[in-house]
Amino acid sequence: MLKNIFGKSKKEKKSLKEQQNLSNNDLIPSHIAIIMDGNGRWAKKRALPRVAGHHEGMKTVRKIARCADDLGIKVLTLYAFSTENWKRPKSEVDYLMGLPEKFLKSFMPEIMERNIRVQMMGEKEALPTSTQTVLNEAMERTKNNSGLILNFAMNYGSRAEIVRAMKDIMVEVSKGNLNVDSIDESTITNYLMTSQLPEPDLLIRTSGEVRLSNFMLWQLAYTEFWFTDTLWPDFNEETLMEAIHAFQKRNRRYGGLKGEEIN
Ligand code: IPE
Ligand code: IPE
Ligand code: MG
């Protein structure tokens, strides 16, 4: 049923929110981050090569980006390639490096139509030149779009990100531009690749793995986690709604107490 109502006009999108019990805007996560896992296992179950799972996973990215846009989510961060994924066979790495081009080629008209802004975080310089070029082009073309931010974590590793931030901070300190005593949590936040983004409200990991695999260690300090056994290529609008409904039932305390809990 859901499938039929996603991707419809603005007017219908409103009713979609209502149908999904999402009328209270406060309860819609602004930023959802997803560790898209299980492509290889999806392919293996079908006796297909692992890359077939990545291809299918790319279709899920499109589906979920549309859905996030329809729901009025502000930022969707997708873990597409980790700094550790270079350990995989070259043929698989090569395929993964070609996916942004495949994805953007087919999805770009809709990205523009939907006013989606493409961004990426990760060590871009270490990506093949062709991958860098397509990502740069997409970011440039969509930089004035004011809708959903579709943020790809590509060659991203949280520890590498923190090391880079520390080095950048040290440089500023050594130049005399930054005083050590003035360094606080917001300084670190501002030197990370997510400095322009709100922290994720909801983290989803698919495929039954219950770990972070070096993803946004700083930024996830107070994020709500939701895990599913569903493999990424099988993840769909319903699964996303399940995660959002679960999120809405959470009680985010940030270390404090909520009004009714104080006696
Ligand atoms: C996630 O699927 C995609 C990437 C990590 C690039 P996997 O390729 O990790 O799939 P599994 O975990 O082997 O099933
Ligand atoms: C995490 O998945 C990275 C991405 C989804 C891009 P992995 O499949 O690489 O994680 P591990 O190896 O199971 O921890
Ligand atoms: Mg995996």
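All ligand and atom numbering here is 1-based and tracks the order in the structure. Worth knowing before you read on, the calculation uses all heavy atoms, side chains too, and leaves out hydrogens, waters and symmetry mates. This chain uses plain numbering: 1 for the first residue, then up along the sequence.
- Atoms of ligand 1 lying under 4.0 Å from any heavy atom of His54, numbered from 1 in the order shown and given with element: 3 (C), 8 (O).
- Under the 30°/60° scheme for interplanar angles, the aromatic rings of Tyr79 and Phe215 are found to lie parallel.
- When the side chains of ILVMFWY residues are joined at heavy-atom separations under 4.5 Å, either directly or via intervening members, Leu71 and Ile64 end up in a single hydrophobic cluster.
- Salt bridge status for Glu56 with Arg46: absent, with no side-chain N to carboxylate O gap under 4.0 Å.
- Screening Leu202, Leu78, Thr60 for a side-chain contact (heavy atoms from CB on, under 4.5 Å) with Ile34, the sole residue that qualifies is Leu78.
- Hydrophobic cluster membership is shared by Met97 and Phe107, with clusters built from Ile, Leu, Val, Met, Phe, Trp and Tyr side chains linked at under 4.5 angstrom.
- Met58 contributes atom CE, which lies 5.5 Å from atom OG of Ser106 (distance to the nearest 0.5 angstrom).
- Listed by number with element, the atoms of ligand 2 under 4.0 angstrom from any heavy atom of Arg211 are 11 (P), 13 (O), 14 (O).
- Among all non-hydrogen protein atoms, the one lying nearest atom 6 (C) of ligand 1 is Ala80 O, 3.4 Å.
- For the pair Met154 and ligand 2, no heavy-atom separation below 4.0 Å is found.
- In this structure, of Met36, Arg41, Lys45, the residue bringing a heavy atom nearest to atom 12 (O) of ligand 1 is Arg41.
- Nearest protein heavy-atom neighbour of atom 10 (O) of ligand 1: Gly40 N, 2.9 Å.
- Under the 4.5 Å side-chain contact rule for hydrophobic residues, Ile73 and Val61 share a cluster.
- Asn179 contributes atom CG, which lies 11.0 Å from atom CG of Asn177 (distance to the nearest 0.5 angstrom).
- The closest approach between any non-hydrogen atom of Lys44 and ligand 1 is not below 4.0 Å.
- Heavy-atom proximity to Ser213, at under 4.0 Å, picks out these atoms of ligand 2: 1 (C), 10 (O), 11 (P), 14 (O).
- Given atom 5 (C) of ligand 1, the protein heavy atom at minimum distance is Arg88 NH2, 3.4 Å.
- At least one N/O-N/O distance between Asn85 and ligand 2 falls below 3.5 Å.
- Between Phe227 and Phe225, the ring planes are perpendicular. Angles over 60° get that label, and only those under 30° would be called parallel.
- Counting only non-hydrogen atoms, the option in Tyr79, Tyr156, Trp232 that gets closest to atom 4 (C) of ligand 2 is Tyr79.
- The shortest N or O to N or O distance between Leu96 and ligand 1 is not below 3.5 Å.
- Considering each of Glu92, Arg50, Glu209, the one bringing a non-hydrogen atom nearest atom 13 (O) of ligand 1 is Arg50.
- Shortest contact from atom 2 (O) of ligand 1 to any protein heavy atom: Asn39 N, 3.2 Å.
- For Ser207, the heavy-atom gap to ligand 1 stays at 4.0 angstrom or more.
- Side-chain atoms of Leu203 and Ile35, non-hydrogen and from C-beta on, do get closer than 4.5 Å to each other.
- By the criterion of a heavy-atom distance under 4.0 Å, neither the backbone nor the side chain of Phe215 is placed next to ligand 2.
- Of all the N, O or S atoms in Asp37, the one closest to the Mg ion (ligand 3) is OD1.
- Residue Phe81 has at least one heavy-atom neighbour below 4.0 Å for each of these atoms of ligand 2: 6 (C).
- Between the His31 side chain and the Pro198 main chain, a donor and an acceptor come within less than 3.5 Å of each other.
- Between Arg253 and Glu261 there is a salt bridge, with a side-chain nitrogen of the basic residue lying less than 4.0 Å from a carboxylate oxygen of the acidic one.
- Backbone and side-chain nitrogen or oxygen atoms of Trp42 are examined, and none is located within less than 3.5 angstrom of a nitrogen or oxygen of ligand 1.
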